[in-house]
Amino acid sequence: MNWQLFGLTFITVFLAEIGDKSQLVAIALGGSSKSPKAVFFGSITALILTSFLGVLAGGSMAQLFPAKILKAIAGIGFALLAVRLLWPDSD
């Protein structure tokens, strides 16, 4: 196993997940539930499944497109998200 890649992935996903909606939902459910252990295992299972699906999708995309194209698509996607977040709503 590539431990450097493992560590980088762990740190990246851990930092990305801090304070996101799924963590806030887990906090709310855990605080209002009589079984926080069930909330913990449910949220862990959901995170594992979504990560697994992301890795499968990424592996499939890597078979279709070169890494340079995938990085460009990801960069453009993140840039569009940033512009959208900074753009004021018309409401």
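Because only heavy atoms are used, hydrogens play no part in the values below, and waters and symmetry mates are left out as well, while side chains stay in. Everything quoted here is computed from the prediction, not taken from an experiment.
Criterion: ILVMFWY side-chain heavy atoms under 4.5 Å apart, direct or through other members. Under it, Val39 and Ile27 are not part of a common hydrophobic cluster. Under the 4.5 Å side-chain heavy-atom criterion for Ile, Leu, Val, Met, Phe, Trp and Tyr, Ile69 and Leu64 are members of the same hydrophobic cluster.
For the pair Glu17 and Gln23, the tightest heavy-atom approach, listed with the atom from each and the gap, is O-OE1, 3.6 Å. Pairing each heavy atom of Pro36 with each of Gly30, the nearest pair is CB-O, 4.2 Å. Closest non-hydrogen pair, Ser22 versus Asp20, comes out as OG-OD1, 2.8 Å. In terms of heavy-atom proximity, Ala62 sits nearest to Leu70 at CA-CD1, 3.7 Å.
Judged as a ring-ring contact (aromatic ring centres under 6.0 Å, His included), the pairs with a partner in residues 14-63 (not counting sequence neighbours) are, in order, Phe10-Phe14.
For the side-chain contact (heavy atoms from CB on, under 4.5 Å) test with Ile48, the passing option among Thr45, Thr50, Ile44 is Ile44; the others fail.
With sequence neighbours excluded, the residues forming a ring-ring contact (aromatic ring centres under 6.0 Å, His included) with Trp3 are Phe6, listed by chain and number.
In this structure, CD1 on Ile76 lies 14.5 Å from NZ on Lys71, to the nearest 0.5 angstrom.
Looking at Ile73 and Met61, their side chains never come closer than 4.5 Å, going by heavy atoms from C-beta outward.
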